[in-house]
Amino acid sequence: MQTLRLSSGHEMPTVGLGTWQAKPEEMEAAVLAALNSGYRHIDTAFNYKNEDAIGKSLKKWFERGGKREDLFITSKLPNYGNRPSDVERFAKMSLEKLGLEYLDMYLIHMPFAFLLNETDMSPAVHENGGDFMLDTSSNPVAVWKEMEKLVEKGYAKSIGLSNFNESQILEIINISNIKPSNLQVELHAYHQQKPLREFCKSHNIAVTAYSPIGSPGAKEHFQQKYNYSPEKFPDLLGHPLVKEIADKYRKSPAQVLLRHLVQEDIIVIPKSSNPERIKSNIDIFNFNLTDEDLQRLDNLDRGSKGRIFTFLFFQGVENHPYYPFRSEI
Ligand SMILES: NC(=O)c1ccc[n+]([C@@H]2O[C@H](COP(=O)([O-])OP(=O)(O)OC[C@H]3O[C@@H](n4cnc5c(N)ncnc54)[C@H](OP(=O)(O)O)[C@@H]3O)[C@@H](O)[C@H]2O)c1
């Protein structure tokens, strides 16, 4: 398994299994299919509500002789736990569900925060409607100081950020004793994040691409869960250029999209619950895209117009002082 060395000194596999929207009942088989196909990196989050199911699969794998030190497990502090007093207890809840003693990576999921409904550990909602209640009292700098304590106490090997913009990352870097070693952001052929990638490189932060094949399932999810329809939704898998390059290398469009990123030193975490697709999504190390093909894929970038995850489906989130994409809306 190809890895990247993080500034924390740990190795992070460049392909991981994404698990957002994977139903708990599908999760057990998906994780085992992934481990059997050579995955050693799994990306989850408290908010995905599947850590219990992942824990069950990991337990089975350990019982069959799998070793904890061979795995790289990422989880994330939810936006409704985004305050200093909640960091350790959410990390411990994730650990308990996963059945692990430490996480390899713990990320602050989003820079903005919602109030917490303590009864079911979910975002608190306004009484008159379904909107989440913003918590504007917390700030990521104070949260980061608690993230550092997780490393000191042995609950996380490495810590990082997700969905932060450049100035928000800099704010953390400037006050940190332990620098963020990983940034997880939306990144795919239509939204390539070139300036942010340069910035991360200059600060030795490894970049993980979420939605690396364009998150084909997200549109339906946004519509069903939030009644939110983005104006345009990408179909990267069906893009003629991606299909042409896939034919040329006798690979699938998804493999080309993933290879494009990995070849440019980006970590990818494609989600699938289908054993065949899980297997094929990691089968990307036996071909090289030429410089010309990399350039043609680079040219698909639509900059901020290619972003799918604006988080505007959380109504009013743009009013939070730490909403990261204000300059784009
Ligand atoms: N930090 C964050 O805020 C954040 C946000 C979004 C996502 N993430 C993480 O990143 C992971 C990946 O992102 P994502 O789930 O949004 O999108 P994605 O990985 O780009 O796409 C997943 C979708 O593509 C389908 N798919 C997977 N492999 C395929 C293939 N080879 N051919 C055709 N279709 C394929 C999957 O369906 P099947 O399951 O049916 O195969 C699923 O609907 C997430 O699962 C999560 O772990 C993080």
Side-chain angles (χ1 to χ4, degrees), residues 15-23 25-27 29-31 33-34 37 39 41-51 54 72-80 82 94 105-112 160-165 180 182-191 193 207-222 224-225 230 233-239 242-243 246 251-262 266-284 306-311 313-314 317 323-325:
V15 179
L17 179 72
T19 64
W20 177 58
Q21 282 190 286
K23 298 184 188 74
E25 59 272 21
E26 299 168 351
M27 206 63 254
V31 169
S37 305
Y39 287 73
H41 169 185
I42 294 166
D43 181 82
T44 184
F46 185 86
N47 190 41
Y48 299 168
K49 299 186 170 57
N50 57 22
E51 290 174 310
I54 294 173
F72 192 100
I73 311 292
T74 297
S75 191
K76 313 184 191 91
L77 177 72
N79 51 30
Y80 43 89
N82 217 354
S94 286
M105 180 64 72
Y106 198 53
L107 304 174
I108 304 182
H109 205 150
M110 292 166 197
F112 50 84
L161 305 169
S162 180
N163 297 303
F164 278 55
N165 67 28
N182 182 219
L183 174 72
Q184 185 179 123
V185 285
E186 178 181 344
L187 205 167
H188 46 74
Y190 280 158
H191 188 52
Q193 302 268 26
V207 177
T208 302
Y210 76 66
S211 308
I213 60 172
S215 202
K219 185 180 183 183
E220 206 184 316
H221 175 78
F222 292 162
Q224 281 177 0
K225 183 160 182 194
F233 205 86
D235 175 19
L236 276 173
L237 295 171
H239 193 285
V242 177
K243 284 164 79 174
K251 289 284 174 184
S252 69
Q255 287 172 320
V256 165
L257 292 167
L258 296 169
R259 179 74 208 174
H260 171 220
L261 301 181
V262 164
I266 301 294
I267 296 154
V268 293
I269 46 170
K271 177 264 168 185
S272 180
S273 302
N274 173 296
E276 286 307 310
R277 291 196 281 275
I278 288 172
K279 198 171 174 193
S280 74
N281 289 344
I282 201 170
D283 180 23
I284 57 168
R307 188 188 294 284
I308 305 167
F309 286 80
T310 59
F311 299 112
F313 44 77
F314 298 135
V317 71
Y323 176 71
F325 312 130

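Atoms within each ligand, like the ligands themselves, are counted from 1 in listed order. These numbers come from the heavy atoms of this one structure, side chains and all, not from hydrogens, waters or symmetry mates. A quick note: this is a predicted structure, and the numbers were derived from the prediction, not measured.
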Open item on the list: Is it the case that ligand 1 has an N or O less than 3.5 angstrom from some N or O of I213?
Closed with: yes
Task: For G214, the ligand 1 atoms whose distance to one of its heavy atoms is below 4.0 Å - done: 20 (O)
- [ ] Check whether more than 12 heavy atoms from other residues, nucleotides or ligands sit under 6.0 Å from atom CD of E276, and answer yes or no.
- [x] no
Task: Side chain, backbone, both or neither: K271 near ligand 1, heavy atoms under 4.0 Å - done: both
Task: Test item, A218 contacting ligand 1 (heavy atom, 4.0 angstrom) - done: no
TODO: Run down the list L257, L237, N281, N163 and name the one with the heavy atom closest to atom 33 (C) of ligand 1.
DONE: L237
Open item on the list: Using the side-chain contact (heavy atoms from CB on, under 4.5 Å) definition, which of the options N165, T310, V317 pairs with P324?
Closed with: N165
- [ ] Among D43, T44, N47, find the residue that satisfies the side-chain hydrogen bond (donor to acceptor under 3.5 Å, both in side chains) test when tested with K76.
- [x] D43
Task: I282 and its side-chain contact (heavy atoms from CB on, under 4.5 Å) partner, picked from L258, L17, V15 - done: V15
Open item on the list: Could you check whether any heavy atom of S252 sits closer than 4.0 Å to an atom of ligand 1, since that is the contact criterion I want to use?
Closed with: no
- [ ] Indicate the atoms forming the closest heavy-atom contact of D235 with G238, along with that distance.
- [x] OD1-N, 3.1 Å
TODO: Show your working on side chain to side chain donor-acceptor pair (under 3.5 Å) between Y210 and N163 and close with a plain yes or no.
DONE: CA-CA 10 Å; Y210 76 66; N163 297 303; 2.6 Å; yes
Open item on the list: Among all the protein's non-hydrogen atoms, which is closest to atom 11 (C) of ligand 1, and how far away is it?
Closed with: I269 O, 3.1 Å
Task: Heavy-atom nearest neighbour of atom 43 (O) of ligand 1 within options S272, G217, A45 - done: G217
Task: Plane angle bin for H239 and Y190 - parallel if under 30°, tilted between 30 and 60°, otherwise perpendicular - done: perpendicular
- [ ] If the plane angle is over 60° it's perpendicular, under 30° parallel, otherwise tilted; pick one for F309 and F313.
- [x] perpendicular
TODO: Specify the protein heavy atom at minimum distance from atom 7 (C) of ligand 1: its residue, its atom name, and the distance to 0.1 Å.
DONE: Y210 CD1, 3.6 Å
Task: Pair S94-E51, side-chain donor/acceptor within less than 3.5 Å - done: yes
- [ ] For atom 47 (O) of ligand 1, grab the closest protein heavy atom and report residue, atom and distance to one decimal in Å.
- [x] D43 OD2, 2.7 Å
Open item on the list: Give me the nearest non-hydrogen protein atom to atom 40 (O) of ligand 1 as residue plus atom name, then the distance to 0.1 Å.
Closed with: R277 NH2, 2.8 Å
Open item on the list: Among all the protein's non-hydrogen atoms, which is closest to atom 13 (O) of ligand 1, and how far away is it?
Closed with: S211 N, 2.9 Å
TODO: With heavy atoms only and a cut-off of under 4.0 Å, state how P253 meets ligand 1: side chain, backbone, both or neither.
DONE: neither
Task: Shortest protein heavy-atom distance from atom 23 (C) of ligand 1, along with the residue and atom involved - done: P216 CD, 3.5 Å
Open item on the list: Counting only heavy atoms not in K49 (residues, nucleotides, ligands), do more than 12 fall under 6.0 Å from its NZ?
Closed with: yes
Open item on the list: Heavy atom to atom 8 (N) of ligand 1, shortest distance: which of Y48, W20, F311 holds it?
Closed with: Y48
- [ ] Mind checking whether A254 contacts ligand 1 via backbone (N, CA, C, O), side chain (CB onward), both or neither, at a 4.0 Å heavy-atom cut-off?
- [x] side chain
Task: atom 16 (O) of ligand 1: nearest protein contact (heavy atom, Å) - done: S215 OG, 2.6 Å
Open item on the list: I want to know if ligand 1 touches K76 in the polar sense, i.e. an N/O pair below 3.5 angstrom.
Closed with: no
